Amino acid sequence: MKKALGLEGIVATETELSHVDGQRGELIYHGYSADWLATNHSFEKVVYLLWNGHLPTQEEANQFRAAWVSNRSLSPFLHRLLEELPREMEMMDVLRTVVSAQAGGDKFWPPRWEQGLSLLAKIPAIIAYRYHFLKGNPYPKERSDLSHAAYFLYLLQGIEPNPAHVRALDAYFVLTVEHGLNASTFAARVVSSTRSDIFSCVTAAIGAMKGPLHGGAPSEVAGMLDEIHEPSQAGQWIRNRILAGEKLMGFGHRIYKTQDPRAQALRQVAKELAGKEERFQLALEVERVALDVLQELKPGRNLYTNVEYYASAVLGAVKLPRELYTPTFTASRIAGWCAHIFEQAKMDRIIRPQSEYIGPQLKNKNQSL
Ligand code: ACO
């Protein structure tokens, strides 16, 4: 049997949702390139595309938006839960618990888009309510006139969101909403394939998302830039890191063996927002030096920046707190997970690969009980 530890190179499903071309550095969502969508369409319209297979007409977009907004409020039960979870619990653990707590009282299979929308629309409020509760801040008044990105910034910052920041976060949401069979999406599909409910699927996906090799990387990128601090320190710092057998966060990808198109698009978004700031200049210089060092110490591995490297720059430029970088990623990717959960449910075939046994030989062959 051919082994592919980590399922590298294995095609585990068919999908209409996205195509990730790791050789050409292309990402397509249902027939449209992701970077084109990010500059021409809102996050809401792209979610509609993924869930319905076509971009919405104006009327469809209005209806979808109205349904979205009507799902934003948290119940008193969720408010209580957000207040009572241990203070030291990280936001990703809070999200996982609160998503899970919304299950029940509903016919749960097959999953319905109303359930997905209810989960997606509440994520900004869940994050912001918990964030303000822990800080002892007042929680902003709910509003129905803002997009997902604008509402996210408004709820967290408590002020009218800066339009340039809204555009940048909306582009970030579009560029991170969907990405083939990444680890968290695969987790969601495995659970969906058992005919389990959408809440369980998303709970599993959040568990996969928080790991530092997947969605947990952007805050670590920010930590790396803090440690490097000066462009002149970059070479030695990176070299030491790689020679110690550690990975550079925000570099490398299982599929992309060339530039990650999302990293390029987010680099441009960050440049437009904060191109003159020292921090962005440091990020550019660290990327340049790291590519040289990786080429020297890891030749032939084709390591480039991935989405998380410049995600960190964009999220920093829109002034989000670092501990919320991965939860912010969740606020977009949850829509991609739901699209896959719907698609998997239609396929209705359990995902059940094999393992190769490498343990001890049978020891009780000739023994009676
Ligand atoms: N820094 C240094 N070396 C690296 C890096 C890196 N970031 N990524 C891969 N390599 C090296 C490995 O050490 C390995 O070298 P070797 O052949 O000498 O053993 C070689 O490149 C192949 O690496 P693998 O770990 O086998 O690649 P894999 O496809 O399993 O891993 C992954 C992909 C997990 C993304 C990896 O590149 C990594 O850990 N990157 C850092 C974490 C990160 O940025 N994650 C976010 C990914 S994007 C996302 O999930 C949204």
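What you are looking at is a predicted structure, and each value in this text was computed from that prediction instead of being measured. Whatever order the structure lists them in is the order used to number ligands and atoms, beginning at 1.
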Is the NZ or CZ atom of Arg143 positioned over Tyr151's six-membered ring, under 6.0 angstrom from the centre and within 45° of the axis?
no
Check residues 340-347 and write down every donor-acceptor pair under 3.5 Å in which the side-chain atom is one partner and the other belongs to a residue at least two apart or another chain.
residue: His340; atom: ND1; partner: Arg189; partner atom: NH1; Å: 2.8
residue: His340; atom: NE2; partner: Glu178; partner atom: OE1; Å: 3.1
residue: His340; atom: NE2; partner: Glu178; partner atom: OE2; Å: 2.8
residue: Glu343; atom: OE1; partner: Thr15; partner atom: OG1; Å: 2.6
residue: Glu343; atom: OE1; partner: Arg189; partner atom: NH1; Å: 2.8
residue: Glu343; atom: OE2; partner: Thr15; partner atom: OG1; Å: 3.3
residue: Glu343; atom: OE2; partner: Glu16; partner atom: N; Å: 2.8
residue: Gln344; atom: OE1; partner: Arg189; partner atom: NE; Å: 2.8
residue: Gln344; atom: OE1; partner: Arg189; partner atom: NH2; Å: 3.1
residue: Gln344; atom: NE2; partner: Arg349; partner atom: O; Å: 3.1

Can a donor-acceptor pair be found between the side chains of Ser184 and Trp337 at a distance below 3.5 Å?
yes
Can you name the residues that form a side chain to side chain donor-acceptor pair (under 3.5 Å) with Asp226, not counting sequence neighbours?
Arg279, Arg322
Could you give the N/O to N/O pairs under 3.5 Å linking ligand 1 and the protein, each with its distance?
residue: ligand 1; atom: 1 (N); partner: Leu248; partner atom: N; Å: 2.8
residue: ligand 1; atom: 7 (N); partner: Leu248; partner atom: N; Å: 3.4
residue: ligand 1; atom: 7 (N); partner: Leu248; partner atom: O; Å: 2.7
residue: ligand 1; atom: 7 (N); partner: Phe251; partner atom: O; Å: 2.8
residue: ligand 1; atom: 13 (O); partner: Lys298; partner atom: NZ; Å: 3.2
residue: ligand 1; atom: 15 (O); partner: Lys298; partner atom: NZ; Å: 3.2
residue: ligand 1; atom: 17 (O); partner: Arg301; partner atom: NE; Å: 2.9
residue: ligand 1; atom: 17 (O); partner: Arg301; partner atom: NH2; Å: 3.4
residue: ligand 1; atom: 18 (O); partner: Lys298; partner atom: NZ; Å: 2.9
residue: ligand 1; atom: 18 (O); partner: Arg301; partner atom: NH2; Å: 2.8
residue: ligand 1; atom: 25 (O); partner: Lys247; partner atom: NZ; Å: 2.5
residue: ligand 1; atom: 29 (O); partner: Arg254; partner atom: NE; Å: 2.7
residue: ligand 1; atom: 30 (O); partner: Arg254; partner atom: NH2; Å: 3.1
residue: ligand 1; atom: 39 (O); partner: Lys247; partner atom: NZ; Å: 3.4
residue: ligand 1; atom: 40 (N); partner: Phe251; partner atom: O; Å: 2.9
residue: ligand 1; atom: 44 (O); partner: Gly250; partner atom: N; Å: 2.8
residue: ligand 1; atom: 44 (O); partner: Asn306; partner atom: ND2; Å: 2.9
residue: ligand 1; atom: 45 (N); partner: Leu213; partner atom: O; Å: 3.0
residue: ligand 1; atom: 50 (O); partner: His214; partner atom: ND1; Å: 2.8

Least distance between heavy atoms, Val166 atom then Leu153 atom:
N-CD1, 3.9 Å
Who pairs with Glu90 by salt bridge (Lys or Arg N to Asp or Glu O under 4.0 Å), at least two apart in sequence or on another chain?
none
